[in-house]
**Student:** 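The structure under discussion is supplied below as structure tokens; questions concerning it will follow.
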Amino acid sequence: QVQLVESGGGLVQAGGSLRLSCAASGRTFSSYKLGWFRQAPGNEREFVAAITGHGTSTYYADSVKGRFTISRDNAKNTVNLQMNSLKPEDTADYYCAADPSGVLRRQPTGYAYWGRGTQVTVSS
């Protein structure tokens with residue numbers, strides 16, 4: 001069982017940056033792949049980025065590639081999402097997700113555990 005709590009959301013102007021963090025419980029944190037997803041009002045939840053258990057591989061949605069960076073610190077049981085060059089279309093609730101499967105997936109069904117989300121608003 002893994003519990004996830006996101007933080008770091010807020011309001012930022014277009015072109016600005018935010019850093020989201022997700023704190024996880026559990027003694028086997030490094031055995032879980034981690035992902036970030038987002039959901040805007042009226043839209044389906046969409047994949048943003050994912051990282052393997054030891055951080056050796058990452059995977060990004062095309063819409064954020066080159067602007068967002070996912071990283072993890074297994075000693076602190078945290079995963080971060082550095083978001084630069086933010087655009088109004090990045091506005092959404094952002095969710096952290098974890099799964100014991102090692103395969104990086106973009107489908108929400110590929111993740112068993114979810115946080116409650118943190119809101120990001122990018123103004124134009």
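What you see is a predicted model; the values in this text were computed from it and never measured.
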**Student:** State, with a plain yes or no, whether a side-chain heavy atom of Asp90 is found less than 4.5 Å away from one of Arg38.
**Tutor:** yes
**Student:** For the residue pair Val2 and Ala98, what are the closest heavy atoms and their distance?
**Tutor:** CG1-CB, 4.5 Å
**Student:** Looking at every non-hydrogen atom in both residues, tell me the closest pair between Ala24 and Leu4 and how far apart they are.
**Tutor:** CB-CD2, 3.6 Å
**Student:** For Thr78 and Ala23, which heavy atoms make the closest approach, and how far apart are they?
**Tutor:** CG2-CA, 4.3 Å
**Student:** Quick one: closest heavy-atom pair of Leu20 and Trp36, and the distance?
**Tutor:** CB-CH2, 3.7 Å
**Student:** May I ask you to check whether Gln82 and Asn84 show a side-chain donor-acceptor distance below 3.5 Å?
**Tutor:** yes
**Student:** Do the side chain of Glu6 and the main chain of Gly117 share a donor and acceptor less than 3.5 angstrom apart?
**Tutor:** yes
**Student:** If we ignore hydrogens and angles and just use 3.5 Å, is the side chain of Thr91 paired with the main-chain N or O of Val122 as donor and acceptor?
**Tutor:** yes
**Student:** With rounding to the nearest 0.5 Å, note down the distance linking CG in Asn77 to OG1 in Thr28.
**Tutor:** 9.0 Å
**Student:** Would a distance-only check, ignoring hydrogens and angles, find a side-chain to backbone donor-acceptor pair under 3.5 Å from Asn74 to His54?
**Tutor:** no
**Student:** Any idea which heavy atoms bring Tyr60 and Thr69 closest together, and the distance?
**Tutor:** OH-CA, 3.3 Å
**Student:** Are the side chains of Phe68 and Leu86 in touch, meaning some heavy atoms are under 4.5 Å apart?
**Tutor:** yes
**Student:** Closer than 3.5 angstrom, by distance alone: can the side chain of Ser124 be matched with the main-chain N or O of Pro88 as a donor-acceptor pair?
**Tutor:** no
**Student:** Around Glu46, counting heavy atoms of other residues, nucleotides and ligands shown, do more than 12 lie under 6.0 Å from its CD?
**Tutor:** yes
**Student:** Do Leu34 and Phe29 have side-chain heavy atoms sitting under 4.5 Å apart?
**Tutor:** yes
**Student:** Return a table of donor-acceptor pairs under 3.5 angstrom between the side chains of residues 99-116 and protein atoms on other chains or two or more places apart.
**Tutor:**
{"unit_1": "Asp99", "atom_1": "OD1", "unit_2": "Ala112", "atom_2": "N", "d": "2.9"}
{"unit_1": "Asp99", "atom_1": "OD2", "unit_2": "Ser101", "atom_2": "N", "d": "2.9"}
{"unit_1": "Ser101", "atom_1": "OG", "unit_2": "Val103", "atom_2": "N", "d": "3.4"}
{"unit_1": "Arg106", "atom_1": "NH1", "unit_2": "Tyr59", "atom_2": "OH", "d": "3.0"}
{"unit_1": "Tyr111", "atom_1": "OH", "unit_2": "Arg105", "atom_2": "O", "d": "2.7"}
{"unit_1": "Trp114", "atom_1": "NE1", "unit_2": "Tyr111", "atom_2": "O", "d": "3.2"}

**Student:** Going hydrophobic residue to hydrophobic residue with side-chain gaps under 4.5 angstrom, can you get from Ile70 over to Met83?
**Tutor:** yes
**Student:** Of all heavy-atom pairs between Ala92 and Ala40, which one has the smallest distance, and what is that distance?
**Tutor:** CB-N, 3.8 Å
**Student:** Ignoring hydrogens and geometry, is there a side-chain-to-backbone donor-acceptor pair from Thr52 to Ser57 under 3.5 Å?
**Tutor:** yes
**Student:** Starting at CD1 of Ile51, measure out to CG of Leu81 and round the result to the nearest 0.5 Å.
**Tutor:** 10.5 Å
